[in-house]
Amino acid sequence: MNHWLLKSEPSVFSIDTFDTSPRKTTGWEGVRNYQARNMLRDEMKQGDLAFFYHSSCPEPGIAGIVEIVRTGYPDASAWDPHSEYYDPKSPENKPLWYTVDVKLVRRMKHFIPLASLREHASGALDGLLLLRKGNRLSITPMEPMHWQFILTLE
DNA sequence: GCCAACGTTGGC
DNA sequence: GCCAACGTTGGC
C-alpha cells in the first residue's frame with residue numbers, strides 16, 4: 001500500500017465538505033499538473049491512504065485521512081466548458097487529465113499544524129516532500145516511516 | 001500583499 | 001533546444 005499527501009484549499013474543499021458528499025466520497029477533480037496527473041493515473045491504487053492537508057489558509061496542516069476508493073479515470077471537468085477546470089487543450093477522445101475518487105476515513109484526533117511538522121524537518125521527517133522548500137505539488141508520495149511518525153503527533 | 005520557487009508558454 | 005516572460009502556488 002502506498003501513502004500520499006493531498007493538498008486542498010479549505011475555501012474550495014475542506015475536510016468538512018466530505019460531510020456533504022455522498023458516501024463521504026468525492027472525485028479529486030481539477031489537477032492540472034503533469035507530475036500530479038501521472039500519479040493519479042498510474043500510481044495511486046485502491047486502498048491507498050493519504051493525509052488530507054489544508055493549504056493556503058490561516059492554519060495550514062493535516063486535517064484527516066482519506067482513502068483512494070477508485071483508481072485513475074479521465075477527469076471529465078476538462079471537457080466541460082462551464083467548469084473552472086475546463087481545458088480546451090484536452091482532446092475529446094484522448095483524456096489529458098485524470099482523477100481518482102477519495103473517501104474520508106477519519107479526521108485527525110487533533111489537527112496537525114504545518115508548524116508542528118516543521119519541528120521535525122531535520123529529524124524524523126527529514127526528506128518529507130511537503131517540507132521541502134519550493135514544493136508546490138498538490139499530490140506527493142510519502143514514505144511509510146514518515147506516515148507512521150506523523151500518526152504519533154496527533 | 002509580498003515574495004520565493006517552480007511550471008508552462010512561446011519566440012527564436 | 002534554449003531561455004525569458006509570465007502564471008501559479010502557498011507560506012508568511
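Values below: every heavy atom of this structure, side chains too, minus hydrogens, waters and symmetry copies. Each chain gets a letter, A, B and so on, in the order its sequence line appears, and its residues count up from 1.
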Write down the protein N/O and nucleotide N/O pairs, taken from nucleotides 5-7 of chain B, whose separation is under 3.5 Å; answer none if there are no such pairs.
{"residue": "B/dA5", "atom": "OP1", "partner": "A/Lys133", "partner atom": "NZ", "Å": "3.0"}
{"residue": "B/dC6", "atom": "O2", "partner": "A/Arg136", "partner atom": "NH1", "Å": "2.8"}
{"residue": "B/dC6", "atom": "O2", "partner": "A/Arg136", "partner atom": "NH2", "Å": "2.6"}
{"residue": "B/dG7", "atom": "O4'", "partner": "A/Arg136", "partner atom": "NH2", "Å": "3.1"}

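- Between A/Arg107 and A/Asp16, at least one side-chain nitrogen of the basic residue sits less than 4.0 Å from a carboxylate oxygen of the acidic one, meeting the salt-bridge criterion.
- Annotation: A/Glu154, atom CD; neighbour count of heavy atoms from other residues, nucleotides and ligands within 6.0 Å is above 12.
- When side chains are defined from C-beta on, A/Tyr73 does not count as touching A/Pro95, because their heavy atoms never get closer than 4.5 Å.
- As rounded to whole Å, 16 Å separates atom C1' of B/dA4 from atom CG of A/Leu137.
- Counting to the nearest Å, the C1' atom of C/dG11 and the CG atom of A/Leu130 are 11 Å from each other.
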Legend entry - Working for side chain to side chain donor-acceptor pair (under 3.5 Å), residues A/Arg32 and A/Ser77: CA-CA 11 Å; A/Arg32 297 292 178 267; A/Ser77 68; 3.0 Å; yes

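- Between A/Tyr53 and C/dG11 there is a side-chain N or O to OP1 or OP2 distance below 4.0 Å.
- Within the 4.0 angstrom heavy-atom criterion, only backbone atoms of the sugar-phosphate kind lie near A/Ser55; the bases stay farther away.
- Side chain of A/Asn2 to backbone of A/Met44: no donor-acceptor contact under 3.5 angstrom is found.
- Distance CZ/A/Arg118 to CG/A/Leu130: 7.5 Å, rounded to 0.5 Å.
- A/Asp87 places its CG atom 15 Å from the C1' atom of C/dT8, with the value rounded to the nearest Å.
- A/His110 meets the ring pair (Phe, Tyr, Trp, His ring centres under 6.0 Å) test with no other residue; sequence neighbours excluded.
- Within residues 110-125 of chain A, no residue has any heavy atom closer than 4.0 Å to DNA chain B.
- Taken to the nearest 0.5 Å, the CG atom of A/Leu137 stands 7.0 Å off from the NZ atom of A/Lys7.
- Between A/Lys7 and C/dG10, a side-chain N or O to OP1/OP2 separation shorter than 4.0 Å is present.
- Taking atom NE2 of residue A/His54 and atom C1' of nucleotide C/dC12, one finds them 19 Å apart after rounding to whole Å.
- Between A/Tyr85 atom OH and C/dT8 atom C1' there is a gap of 14 Å when expressed in whole angstrom units.
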Inset, instruction - List the steps and the verdict of ring-ring contact (aromatic ring centres under 6.0 Å, His included) for A/Trp97 and A/Tyr34. - result: CA-CA 8 Å; A/Trp97 302 115; A/Tyr34 288 102; 4.8 Å; yes

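- Between A/Leu129 atom CG and C/dT9 atom C1' the separation is 16 Å, expressed in whole Å.
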